[in-house]
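Only one structure is covered here, and it is reproduced in the block below.
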Amino acid sequence: MTFRDKIEILLRRKGYKKTEFADKLGITYRALANYLAGTRNPRAAILKKMCAELEVTKEFLLDDKQSLILDSEERFLHNASEESEDTDKALELLKDARAIFNGRGLVAKDKQSLFNCLSEIYFDAANNRDKES
C-alpha cells in the first residue's frame with residue numbers, strides 16, 4: 001500500500017480534510033498534495049508530525065509493503081475505479097444503512113427483510129447486466 005493510500009485512509013479514519021491536516025502540520029495544502037503525488041518528500045520534521053498526528057510509525061508510513069487492515073467500506077473506496085457521483089451516493093447509502101442496522105427503529109426481523117431487499121436489488125441488477133452482455 002502506497003504512502004498516499006495510507007495517508008488518505010488514515011485521514012478519513014480521523015475525520016480530517018486534507019486542508020485541515022496540512023494546517024495541523026504547519027504546511028500548505030500544495031505541499032501536502034506534492035507529498036501525496038510523490039513529487040516531493042516531506043522533511044523529517046514534517047514526517048514526524050504526520051506520524052504523530054496519524055498515530056503510526058515512520059517505518060510503517062514509508063514502507064509500501066506494509067498495509068492497513070481495511071474494513072469493507074475502506075476496501076470499496078480504495079478499490080473504486082474512480083470517484084463519481086454514484087460513488088458518493090454509495091457512501092451515503094452505506095452511512096444510512098449503518099444507522100438503520102445499528103439503530104433501534106427496526107426489529108431484527110425487519111432488518112433482515114431490508115437486507116434481503118437490498119440483496120435482491122443487487123442480484124437482479126447483476127442478472128440484467130449478464131443478460132445484456
Side-chain angles (χ1 to χ4, degrees):
M1 183 175 286
T2 66
F3 175 82
R4 176 190 185 124
D5 291 338
K6 291 175 193 174
I7 295 287
E8 289 183 350
I9 291 165
L10 291 167
L11 289 179
R12 228 178 284 116
R13 285 182 182 178
K14 296 270 187 193
Y16 285 136
K17 293 183 191 281
K18 290 176 188 170
T19 52
E20 294 170 334
F21 187 58
D23 286 344
K24 278 200 169 284
L25 299 175
I27 60 173
T28 64
Y29 171 78
R30 186 86 218 108
L32 179 61
N34 285 331
Y35 302 153
L36 296 178
T39 56
R40 291 186 54 205
N41 293 321
R43 292 186 319 254
I46 298 300
L47 186 59
K48 185 176 179 179
K49 285 182 183 180
M50 286 177 153
C51 293
E53 201 61 46
L54 299 174
E55 299 178 39
V56 294
T57 65
K58 176 179 80 167
E59 293 74 23
F60 172 77
L61 210 51
L62 297 177
D63 185 354
D64 288 352
K65 293 179 183 153
Q66 294 186 51
S67 295
L68 290 160
I69 296 173
L70 305 178
D71 64 22
S72 57
E73 185 174 331
E74 290 170 333
R75 278 193 305 279
F76 166 72
L77 284 170
H78 184 67
N79 296 322
S81 301
E82 58 187 50
E83 288 188 27
S84 69
E85 190 174 308
D86 283 344
T87 304
D88 293 340
K89 287 179 187 177
L91 290 173
E92 282 299 312
L93 176 63
L94 288 171
K95 180 178 162 188
D96 292 344
R98 185 175 291 106
I100 291 169
F101 288 116
N102 287 334
R104 299 180 191 269
L106 294 177
V107 295
K109 179 180 159 192
D110 293 341
K111 290 177 183 180
Q112 182 62 51
S113 293
L114 174 59
F115 176 77
N116 292 342
C117 290
L118 293 172
S119 296
E120 189 175 307
I121 291 167
Y122 169 78
F123 287 114
D124 284 347
N127 190 26
N128 288 337
R129 280 190 305 272
D130 290 345
K131 287 179 183 177
E132 293 173 1
S133 296

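Source: prediction; values computed, not measured. For this chain, numbers begin at 1 and follow the sequence in order.
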Specify the closest pair of heavy atoms between Leu25 and Ile46, including all atoms of both residues, with the distance to one decimal.
O-CD1, 3.7 Å

For the residue pair Ser72 and Arg75, establish whether any side-chain heavy-atom pair is separated by less than 4.5 Å.
yes

Report the distance from atom OG1 of Thr28 to atom CG of Asn34, rounding to the nearest 0.5 Å.
7.5 Å

Which is it for Ile27 and Lys49 under the side chain to side chain contact (heavy atoms under 4.5 Å, CB included) test, yes or no, and what are the steps along the way?
CA-CA 11 Å; Ile27 60 173; Lys49 285 182 183 180; over 6 Å; no

So, for Phe21 and Leu32, which heavy atoms are closest and what is the spacing to 0.1 Å?
CD2-CD2, 4.0 Å

Among the clusters formed by ILVMFWY side chains lying less than 4.5 Å apart, do Leu93 and Phe76 turn up in the same one?
no

Do Phe101 and Leu114 have side chains that get closer than 4.5 Å, going by heavy atoms?
yes

Which heavy atom in Glu73 sits nearest to a heavy atom in Arg98, and how many Å separate them?
OE1-NH2, 2.6 Å

Will you find, in the side chains of Gln112 and Asn116, an N or O donor that is under 3.5 Å from an N or O acceptor?
yes

Distance col, row Arg129:CZ vs Asp124:CG, nearest 0.5 angstrom, shows 10.5 Å

Candidate pair Lys89 and Glu85, rule salt bridge (Lys or Arg N to Asp or Glu O under 4.0 Å), full reasoning
CA-CA 6 Å; Lys89 287 179 187 177; Glu85 190 174 308; 3.6 Å; yes

Leu77 vs Leu91 side-chain heavy atoms within contact, under 4.5 Å:
yes

Please lay out, stage by stage, how Lys14 and Glu55 fare under the test salt bridge (Lys or Arg N to Asp or Glu O under 4.0 Å).
CA-CA 10 Å; Lys14 296 270 187 193; Glu55 299 178 39; 2.5 Å; yes

Note, Arg13 side chain near Glu74 side chain (heavy atom, < 4.5 Å)
yes

I'd like to know if Leu94 and Phe115 are part of one continuous hydrophobic network [Ile/Leu/Val/Met/Phe/Trp/Tyr, side-chain heavy atoms within less than 4.5 Å].
no

In terms of heavy-atom contacts, does OH of Tyr29 have more than 12 from other residues, nucleotides or ligands at under 6.0 Å?
no

If we only count heavy atoms from C-beta on, is the Met50 to Leu47 side-chain gap below 4.5 Å?
yes

Over 12 non-hydrogen atoms of neighbours within 6.0 angstrom of CD in Glu59:
yes

Contacts under 3.5 angstrom, residues 2-9 side chains, donor-acceptor by atom type, not counting sequence neighbours:
from: Thr2; atom 1: OG1; to: Asp5; atom 2: N; distance (Å): 3.1
from: Thr2; atom 1: OG1; to: Asp5; atom 2: OD2; distance (Å): 3.1
from: Arg4; atom 1: NE; to: Glu8; atom 2: OE2; distance (Å): 3.1
from: Arg4; atom 1: NH2; to: Glu8; atom 2: OE2; distance (Å): 3.4
from: Lys6; atom 1: NZ; to: Phe60; atom 2: O; distance (Å): 2.5
from: Lys6; atom 1: NZ; to: Asp63; atom 2: O; distance (Å): 2.5
from: Lys6; atom 1: NZ; to: Gln66; atom 2: O; distance (Å): 2.9
from: Glu8; atom 1: OE2; to: Lys18; atom 2: NZ; distance (Å): 3.0

